[in-house]
A.B. asks: 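Below you will find the structure I want to go over with you.
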Amino acid sequence: FDFKRRSVMPLHKYPPKIWDALKLKHGIYARLPKHYLKSLEQKEPTPVHWRPLGVQYRANPTTGQKERVQDVPIPIYYPPQSQNGLWAGEGWISGFRYANNDKMSTRLRKTWKPQVFKRELYSEILDHKFTVTVTARTLDLIDAAYGFDFYILNTSKEDLNSKLGMDLKRAMLLRLARKNTELYPNDPVKREKVYSKYKQFEIPEEEAEWLGLSLDEAVEKQRQLEHKV
C-alpha cells in the first residue's frame, strides 16, 4: 500500500460546531451592539412535550432498588409556519405507533402535530387586532399572563420560539420607549394609563430596535448605520 498516494483529509483549525460563534468575533459581526450579541446566546426553552425529572437516579417503586433515570428531551421539529404564528413552544413529534394498537403488529411511522387555529388577539400597546395562528396552550398562557401584551412581553425568546412573537415584542417595546402620541391620539388619559400599565417593561429605544432581529437583519441594519456615518 502506497501511503504517499493516500489522500489525507485536512483537519480544521476549529471544530465546525463553534464556527458560528467564531464568526461573531470578526468583521461587521463584531461591531454589532453587545446587547444584541448577548441575545444570540443559546438558552434552553421551558420543556413543553416532556417533563424533566431533574434527578439522575430514583428508587424503583416495586423493588426499591436504585435505578438510573434517562432524562432525555424529546426531539421536536418546528415547521416554518410556526414562526409566523404563536405556538407557545409546541411542534411536531415524530415516532412510531403499532397497527391496530397491537404490540405484536408492524410499527408504523407517525408524526404528532399540535392542533392550531386562528384567533383574533388585541394589543393595547399597539392598539391593533392581529389574526394569529395559535394553539390551545397559547391561549392558556395568555389567560395566565392576564392579557396578550403581558404574555408577549413576559415570555422569553426561547419560549416564544416565533419570529412573529419577537417582531411584536420589538414593536411594543419601541412604542413604550418612544411614548409617541399615535397611541389613542384622541384620548391622552387612556394613552398615559397604558404607558403606565406596562412601564416595568421599558428599555432604551436603541436596545429595543435590535430586539428579535435575525442575524441577517441585524447585519443589514449595522451596514446601513455605518453607511450613514
Side-chain angles (χ1 to χ4, degrees), residues 9 11-25 29 32 34-83 85-116 133-146 150-166 169 200-201 203 211-215:
M9 182 178 291
L11 296 176
H12 297 299
K13 185 177 180 180
Y14 302 103
K17 287 184 178 180
I18 65 170
W19 282 358
D20 286 341
L22 290 175
K23 181 174 69 174
L24 300 178
K25 297 183 179 181
Y29 298 101
L32 294 172
K34 290 183 179 179
H35 58 78
Y36 176 76
L37 292 174
K38 185 174 178 61
S39 72
L40 297 179
E41 296 176 1
Q42 295 293 325
K43 298 177 182 177
E44 288 297 319
T46 302
V48 175
H49 294 287
W50 67 292
R51 294 182 180 178
L53 297 172
V55 294
Q56 291 184 326
Y57 299 91
R58 66 176 177 181
N60 185 298
T62 305
T63 64
Q65 294 294 318
K66 187 177 181 181
E67 296 179 342
R68 181 182 289 274
V69 173
Q70 292 189 2
D71 216 358
V72 182
I74 296 176
I76 303 169
Y77 171 68
Y78 301 103
Q81 57 264 39
S82 68
Q83 295 299 306
L86 295 172
W87 289 20
E90 294 193 69
W92 296 0
I93 300 175
S94 295
F96 297 90
R97 68 175 180 83
Y98 291 105
N100 302 318
N101 292 325
D102 181 4
K103 291 187 177 182
M104 301 300 291
S105 64
T106 306
R107 290 198 312 168
L108 304 175
R109 186 174 291 277
K110 178 179 174 61
T111 300
W112 287 266
K113 302 178 182 180
Q115 182 181 7
V116 296
T133 302
V134 299
T135 64
R137 185 172 190 271
T138 309
L139 299 180
D140 289 342
L141 291 175
I142 290 174
D143 287 342
Y146 299 103
F150 277 123
Y151 166 67
I152 294 292
L153 293 172
N154 266 319
T155 307
S156 67
K157 177 184 71 173
E158 292 75 23
D159 287 347
L160 277 177
N161 194 22
S162 163
K163 179 68 171 121
L164 171 65
M166 292 306 294
K169 180 179 282 194
Q200 60 180 303
F201 300 104
I203 61 175
L211 190 82
L213 295 181
S214 68
L215 187 56

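As the structure is a computational prediction, the values presented were derived from the model and not from experiment.
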A.B. asks: Run the side chain to side chain contact (heavy atoms under 4.5 Å, CB included) check on Asn161 and Gln83 step by step: do they pass?
C.D. replies: CA-CA 7 Å; Asn161 194 22; Gln83 295 299 306; 3.7 Å; yes
A.B. asks: Please round to the nearest 0.5 Å and tell me the distance separating atom CD1 of Ile74 and atom NE2 of His49.
C.D. replies: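 Between Ile74 CD1 and His49 NE2, I get 8.0 Å after rounding to 0.5 Å.
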A.B. asks: Kindly indicate, with the supporting measurements, whether the criterion side chain to side chain contact (heavy atoms under 4.5 Å, CB included) is fulfilled by Tyr151 and Asp143.
C.D. replies: CA-CA 8 Å; Tyr151 166 67; Asp143 287 342; over 6 Å; no
A.B. asks: Looking at every heavy atom in both Leu213 and Lys163, which two are closest together, and how far apart are they?
C.D. replies: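 The pair with the smallest heavy-atom distance is CA-NZ, 4.4 Å.
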A.B. asks: Should we count CD of Glu44 as having more than 12 external heavy atoms under 6.0 Å?
C.D. replies: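 Open: at most 12 neighbouring heavy atoms sit under 6.0 Å from CD of Glu44.
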A.B. asks: State, to 0.1 Å, how close Arg107 and Tyr98 come at their nearest heavy-atom pair, and which atoms those are.
C.D. replies: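 Arg107 and Tyr98 have their closest heavy atoms at CG-CE2, 3.5 Å.
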A.B. asks: Which value, rounded to the nearest 0.5 Å, describes the distance between Phe150 atom CZ and Gln200 atom CD?
C.D. replies: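 One gets 6.0 Å once the value is rounded to the nearest 0.5 Å.
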A.B. asks: Measure the CG-CD1 distance between Leu86 and Ile152 for me, rounded to the nearest 0.5 Å.
C.D. replies: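 Going from the CG atom of Leu86 to the CD1 atom of Ile152 covers 5.0 Å.
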A.B. asks: If you count every heavy atom of other residues, nucleotides or ligands that lies below 6.0 Å from Gln81 atom CD, does the total exceed 12?
C.D. replies: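 Yes, the 6.0 Å shell around CD holds more than 12 heavy atoms from other groups.
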A.B. asks: If every non-hydrogen atom of Ala59 is compared with every non-hydrogen atom of Gly64, which pair is closest and at what distance?
C.D. replies: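 Looks like CB-O, 4.1 Å.
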A.B. asks: Indicate yes or no for a side-chain donor-acceptor contact from Ser105 to the backbone of Ala99 under 3.5 Å, with no hydrogens or angles considered.
C.D. replies: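 Yes, because the side chain of Ser105 sits within donor-acceptor range (under 3.5 Å) of the backbone of Ala99.
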A.B. asks: Within this structure, what is the NE2-CG distance for the pair His35 and Leu40, rounded to the nearest 0.5 Å?
C.D. replies: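 These two atoms lie 11.0 Å from each other.
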A.B. asks: Mind running side chain to side chain contact (heavy atoms under 4.5 Å, CB included) on Asn154 and Phe201 for me, showing each step along the way?
C.D. replies: CA-CA 8 Å; Asn154 266 319; Phe201 300 104; 3.4 Å; yes
A.B. asks: Measuring from Glu41:CD to Lys38:NZ, what's the distance to the nearest 0.5 Å?
C.D. replies: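 Rounded to the nearest 0.5 Å, the CD-NZ separation comes out at 4.5 Å.
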A.B. asks: Do Leu32 and Leu215 make a side-chain contact, defined as non-hydrogen atoms from C-beta onward lying under 4.5 Å apart?
C.D. replies: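 Yes, close enough: below the 4.5 Å cut-off.
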A.B. asks: Are Thr138 and Leu141 close enough, and set up right, to give a side chain to side chain contact (heavy atoms under 4.5 Å, CB included), and what steps lead you there?
C.D. replies: CA-CA 5 Å; Thr138 309; Leu141 291 175; 5.9 Å; no
A.B. asks: Is there a donor-acceptor pair under 3.5 Å between the side chain of Lys169 and the backbone N or O of Thr155?
C.D. replies: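 Indeed, once roles are kept as given, a pair shorter than 3.5 Å links the two residues.
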A.B. asks: I'd like to know if the side chain of Ser94 reaches the main chain of Thr111, judged simply by a donor and an acceptor atom lying under 3.5 Å from each other, with no hydrogens or angles considered.
C.D. replies: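 Checked: no pair found.
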A.B. asks: Is the number of heavy atoms from other residues, nucleotides or ligands within 6.0 Å of CG (Asn100) greater than 12?
C.D. replies: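 12 or below, so no.
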A.B. asks: Quick one: closest heavy-atom pair of Pro114 and Thr135, and the distance?
C.D. replies: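 Taking Pro114 first and Thr135 second, the nearest heavy atoms are CB-CG2, 4.2 Å.
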A.B. asks: How far apart are the closest heavy atoms of Phe96 and Trp112, and which atoms are they?
C.D. replies: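 The pair with the smallest heavy-atom distance is O-CH2, 3.6 Å.
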A.B. asks: Is it the case that atom OH in Tyr146 sees more than 12 heavy atoms from other parts of the structure closer than 6.0 Å?
C.D. replies: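 Counting neighbours around OH of Tyr146, 12 or fewer heavy atoms of other residues, nucleotides or ligands fall under 6.0 Å, so no.
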A.B. asks: So, Arg137 side chain and Ala88 main chain: donor-acceptor pair closer than 3.5 Å or not?
C.D. replies: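 Judged by distance alone, yes, a pair lies under 3.5 Å.
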A.B. asks: How long is the gap from CH2 on Trp50 to CD1 on Ile93, to the nearest 0.5 Å?
C.D. replies: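 Rounded to the nearest 0.5 Å, the CH2-CD1 separation comes to 12.0 Å.
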